[in-house]
Amino acid sequence: EQIFTLCSGERVRSKDRIEYPGEIHVYSCRKEEYPPVGNISEEWMNGEKKHVLTEPTVAVNANGSVVYVFVRDEPKYVLTDDVIAVTTKRSDLDYGYLAVAIRKAVADKYTYIDKIFKTKLEGITIEVPGENGVFDMQQQRAIAQATQRFEGLRQRIVEMGVRAATARIR
């Protein structure tokens with residue numbers, strides 16, 4: 001049984017976003033989860049036969065910033081061609097947990113500057129809590145929430161360190 005579907009994003013250039021602005025958020029490879037790199041017109045996307053995502057996705061940076069993995073869940077959005085969309089049809093898989101597990105697996109094998117693209121990502125294995133082929137959603141959510149809290153605390157410590165390093169004593 002194939003649990004995941006991997007799909008490369010669409011080629012949307014800065015020039016395209018400038019010439020065809022719209023309401024659809026465009027996400028690319030970056031360390032920050034938000035904001036999007038820009039917006040694009042749905043009409044232009046359809047005219048170019050490019051796919052607009054409408055379902056939750058785990059967005060895996062493939063070309064630079066590869067250890068950064070985010071959940072994208074908006075009514076309509078686009079991932080650029082340097083991001084891989086990971087989806088699943090299983091209802092017992094939490095996207096927050098999936099992002100944490102993929103981030104760990106990618107970080108164990110690759111560095112920030114590597115390029116992983118679809119074929120390398122297909123070779124990565126993750127562990128999902130559960131038994132007898134049934135995944136434990138409660139445990140997945142607990143892991144995802146704990147990781148999110150930890151990341152929030154880590155970010156606050158980084159910000160405090162920057163403030164402390166730049167503080168002047170009078």
Side-chain angles (χ1 to χ4, degrees), residues 1-14 24-38 40 45 49-155 157-158:
E1 171 192 17
Q2 182 161 346
I3 297 176
F4 304 109
T5 303
L6 278 65
C7 179
S8 295
E10 297 289 353
R11 181 82 173 141
V12 178
R13 303 168 302 176
S14 297
I24 298 176
H25 289 159
V26 178
Y27 294 98
S28 189
C29 263
R30 50 193 330 186
K31 293 189 305 186
E32 297 81 21
E33 185 172 7
Y34 296 104
V37 294
I40 194 78
M45 291 291 293
K49 303 208 180 336
K50 295 182 184 280
H51 188 63
V52 175
L53 298 164
T54 58
E55 299 290 327
T57 302
V58 173
V60 181
N61 289 344
N63 185 11
S65 305
V66 299
V67 295
Y68 292 91
V69 178
F70 305 108
V71 175
R72 300 289 180 212
D73 187 9
E74 299 178 20
K76 293 181 180 183
Y77 61 100
V78 174
L79 300 177
T80 62
D81 57 353
D82 53 3
V83 180
I84 300 167
V86 179
T87 58
T88 184
K89 294 293 183 199
R90 297 235 359 201
S91 60
D92 58 350
L93 250 173
D94 179 72
Y95 276 91
Y97 174 79
L98 186 55
V100 168
I102 291 173
R103 183 181 311 124
K104 180 187 179 321
V106 168
D108 286 349
K109 199 167 184 176
Y110 300 102
T111 64
Y112 175 83
I113 60 171
D114 286 325
K115 295 180 183 196
I116 59 172
F117 296 108
K118 190 176 166 187
T119 51
K120 288 183 180 177
L121 190 59
E122 288 171 335
I124 288 177
T125 342
I126 63 167
E127 292 184 25
V128 181
E131 291 182 16
N132 303 321
V134 178
F135 298 143
D136 184 338
M137 283 291 281
Q138 188 174 359
Q139 194 173 1
Q140 290 175 61
R141 287 186 179 132
I143 291 168
Q145 289 168 353
T147 303
Q148 190 173 27
R149 282 192 307 274
F150 174 79
E151 286 297 321
L153 290 170
R154 187 188 63 73
Q155 184 59 38
I157 291 169
V158 166

So do the side chains of [X] and [Y] get within less than 4.5 Å of each other, counting heavy atoms only?
{"X": "Val69", "Y": "Val58", "result": "yes"}
{"X": "Asp136", "Y": "Glu131", "result": "no"}
{"X": "Phe4", "Y": "Leu121", "result": "no"}
{"X": "Leu98", "Y": "Ile126", "result": "yes"}

Looking only at heavy atoms, what is the nearest atom pair of [X] and [Y], with distance?
{"X": "Lys50", "Y": "Arg11", "result": "NZ-O, 2.9 Å"}
{"X": "Thr80", "Y": "Val12", "result": "CG2-O, 4.1 Å"}
{"X": "Tyr97", "Y": "Val128", "result": "OH-CA, 3.8 Å"}
{"X": "Thr57", "Y": "Ala85", "result": "CG2-CB, 3.2 Å"}
{"X": "Glu33", "Y": "Val71", "result": "OE2-O, 3.9 Å"}
{"X": "Asp81", "Y": "Phe117", "result": "O-CE2, 4.3 Å"}

* Run the side-chain contact (heavy atoms from CB on, under 4.5 Å) check on Lys120 and Ile124 step by step: do they pass? -> CA-CA 7 Å; Lys120 288 183 180 177; Ile124 288 177; over 6 Å; no

Judged by atom type as modelled, is there a donor-acceptor pair below 3.5 Å linking the side chain of [X] to the main-chain atoms of [Y]?
{"X": "Asp92", "Y": "Phe135", "value": "yes"}
{"X": "Lys118", "Y": "Ile84", "value": "no"}
{"X": "Asp114", "Y": "Thr111", "value": "yes"}
{"X": "Arg30", "Y": "Pro35", "value": "yes"}

Is it true that atom [atom1] of [X] has more than 12 heavy atoms of other residues, nucleotides or ligands lying nearer than 6.0 Å?
{"X": "Lys104", "atom1": "NZ", "value": "no"}
{"X": "Glu127", "atom1": "CD", "value": "no"}
{"X": "Ile113", "atom1": "CD1", "value": "no"}
{"X": "Gln148", "atom1": "CD", "value": "no"}
{"X": "Phe150", "atom1": "CZ", "value": "no"}
{"X": "Gln138", "atom1": "CD", "value": "no"}

So how far is it from [X] [atom1] to [Y] [atom2], rounded to the nearest 0.5 Å?
{"X": "Met137", "Y": "Asp94", "atom1": "CE", "atom2": "CG", "answer": "5.0 Å"}
{"X": "Asp82", "Y": "Ile116", "atom1": "CG", "atom2": "CD1", "answer": "11.0 Å"}
{"X": "Asp73", "Y": "Glu55", "atom1": "CG", "atom2": "CD", "answer": "8.5 Å"}

* Asked: Taking the six-membered ring of Tyr34, is the NZ or CZ of Arg72 close enough (under 6.0 Å from the centre) and on axis enough (within 45°)?
  ->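 Yes, Arg72 and Tyr34 form such a contact.
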
* To do: Report the relative orientation of the aromatic rings in Phe70 and Tyr68; use parallel for angles under 30°, tilted for 30 to 60°, perpendicular for over 60°.
  =>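 Answer is parallel, since the angle falls under 30°.
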
